[in-house]
2 protein chains.
Amino acid sequence: MKDILEKLKSNGYKLTQPREKVLELLSHNHKALSAQDIHSFIKDVDKASVYRTLNLLEELGIVNIENFNNEKLYCLSADPHHHIICKKCGFSEEVPCTYEHYNFSNFSNVQHQMTLTGVCNKCNK
Amino acid sequence: MKDILEKLKSNGYKLTQPREKVLELLSHNHKALSAQDIHSFIKDVDKASVYRTLNLLEELGIVNIENFNNEKLYCLSADPHHHIICKKCGFSEEVPCTYEHYNFSNFSNVQHQMTLTGVCNKCNK
DNA sequence: ACACAATTGCGAATGGTTTGCAATAGCAAA
DNA sequence: TTTGCTATTGCAAACCATTCGCAATTGTGT
């Protein structure tokens with residue numbers, strides 16, 4: 001957390017309340033959240049600011065994005081992992097990243113992003 | 001192609017011109033296309049119909065979706081594969097799916113979807 | 001405490017996707 | 001082949017997430 005704030009500062013960005021609140025929320029939350037989720041948790045931060053903050057955090061590599069149903073979900077980028085989300089109830093769980101590097105002869109700077117969905121045991125009954 | 005049309009029919013759906021045109025385009029095209037790409041290729045099919053068709057094809061498992069920059073890209077689901085897309089010029093290439101099954105103890109019916117991006121050699125100069 | 005630039009909040013604009021509905025087209029049965 | 005029923009289409013309007021422009025505010029270094 002402190003190191004993240006430092007990272008912002010060292011890149012010339014200010015430590016503002018909206019940024020701290022978004023980071024605070026993400027660090028206390030174990031599942032990936034959409035911009036709207038985040039805004040609904042901290043309503044005193046304007047949604048435009050939430051979006052701007054998330055875009056900035058992504059550029060700096062502080063958050064990772066996962067796509068679920070064409071919705072961007074954000075989470076702090078700690079250990080590389082993915083989330084598996086239950087299609088019925090939305091329950092989610094972290095899954096370690098088992099991605100293995102393929103030999104991308106024609107590409108460099110390869111980044112990947114994965115969406116995993118399923119039906120959780122609870123919903124399966 | 002014929003088998004796809006059969007699949008539509010056997011599920012009680014009609015073989016309409018919009019559906020045939022969308023399938024025709026997808027089968028002649030080697031990269032994943034967005035709904036808008038598709039509509040721009042076949043302008044005589046209304047965009048609402050393109051979206052409806054794609055949603056139906058997805059439900060039936062006839063097309064796969066890949067997310068790129070929060071844009072849904074569609075391609076026929078043949079051999080499982082992903083696309084890697086150059087962030088600078090949009091060039092794309094197929095990559096075989098090397099996804100390995102993880103033991104999802106709490107989930108069933110797991111599906112995955114991956115987005116790969118990079119910079120192609122051409123753009124790297 | 002001051003001053004300047006970065007950042008915010010607000011509201012309006014944007015752009016992709018969906019929806020409601022009347023007109024049309026596909027399909028099965030006669 | 002013609003008829004009739006229903007699914008499907010095209011169109012326009014609605015929706016909803018995200019972005020933008022700009023004046024007001026906040027953070028930071030001096």
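Residue numbers begin at 1 in each chain, while the letters A, B, ... track the order of the sequences. None of these values were measured; they are calculated from a predicted model.
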Original post:
What are the bounds, 5' to 3', of the part of DNA chain D that sits under 4.0 Å from heavy atoms of chain A?
Top reply: D:dA17 to D:dT28
Subject >> Side-chain N or O of A:Gln17 closer than 4.0 Å to phosphate OP1/OP2 of C:dT7 >> reply: no
**OP:** Return no unless some side-chain N or O of B:Thr16 is found under 4.0 Å from OP1 or OP2 of C:dG26.
**Re:** no
Original post:
A:Tyr74 and side chain to side chain contact (heavy atoms under 4.5 Å, CB included): which partner among A:Thr53, A:Val50, A:Val63?
Top reply: A:Val63
Original post:
A:Leu76 and side chain to side chain contact (heavy atoms under 4.5 Å, CB included): which partner among A:Leu57, A:Leu23, A:Asn29, A:Asn64?
Top reply: A:Leu23
Output yes when a side-chain donor or acceptor of [X] lies under 3.5 Å from a complementary backbone atom of [Y], and no otherwise.
{"X": "B:Lys43", "Y": "B:Ser40", "value": "yes"}
{"X": "B:Lys7", "Y": "B:Leu60", "value": "yes"}
{"X": "A:Ser77", "Y": "A:Ile62", "value": "yes"}

Original post:
So what does B:Glu71 touch, heavy atoms closer than 4.0 Å: a base, only the sugar-phosphate, or nothing?
Top reply: nothing
Original post:
So what does A:Arg52 hit on the nucleic acid, given a heavy-atom distance under 4.0 Å: a base, only sugar-phosphate, or nothing?
Top reply: base
**OP:** With sequence neighbours excluded, tell me which residues meet ring pair (Phe, Tyr, Trp, His ring centres under 6.0 Å) with A:Phe91.
**Re:** B:Phe107
Original post:
What closest approach, in Å, do A:Cys86 and A:Cys123 show between heavy atoms, and which atom pair accounts for it?
Top reply: SG-SG, 3.9 Å
Could you check how far [atom1] of [X] sits from [atom2] of [N], rounded to whole Å?
{"X": "B:Ile65", "N": "C:dT17", "atom1": "CD1", "atom2": "P", "value": "10 Å"}
{"X": "A:Leu15", "N": "C:dT8", "atom1": "CG", "atom2": "P", "value": "11 Å"}
{"X": "B:His39", "N": "C:dG15", "atom1": "NE2", "atom2": "P", "value": "16 Å"}
{"X": "A:Lys14", "N": "C:dA5", "atom1": "NZ", "atom2": "P", "value": "10 Å"}

Subject >> Evaluation steps, side chain to side chain donor-acceptor pair (under 3.5 Å), between A:Asp37 and A:Ser34 >> reply: CA-CA 5 Å; A:Asp37 292 337; A:Ser34 69; 3.1 Å; yes
Subject >> Near-strand residues of residues 40-49 of chain B, defined as heavy-atom separation under 4.0 angstrom from DNA chain C >> reply: B:Lys47, B:Ala48
Original post:
For A:Ser49 and A:Asp46, does a side-chain donor sit closer than 3.5 Å to a side-chain acceptor?
Top reply: no
Original post:
With nearest nucleotides of DNA chain C determined for B:Lys9 and B:Lys72 from heavy-atom distances, which residue corresponds to the more 5′ nucleotide?
Top reply: B:Lys72
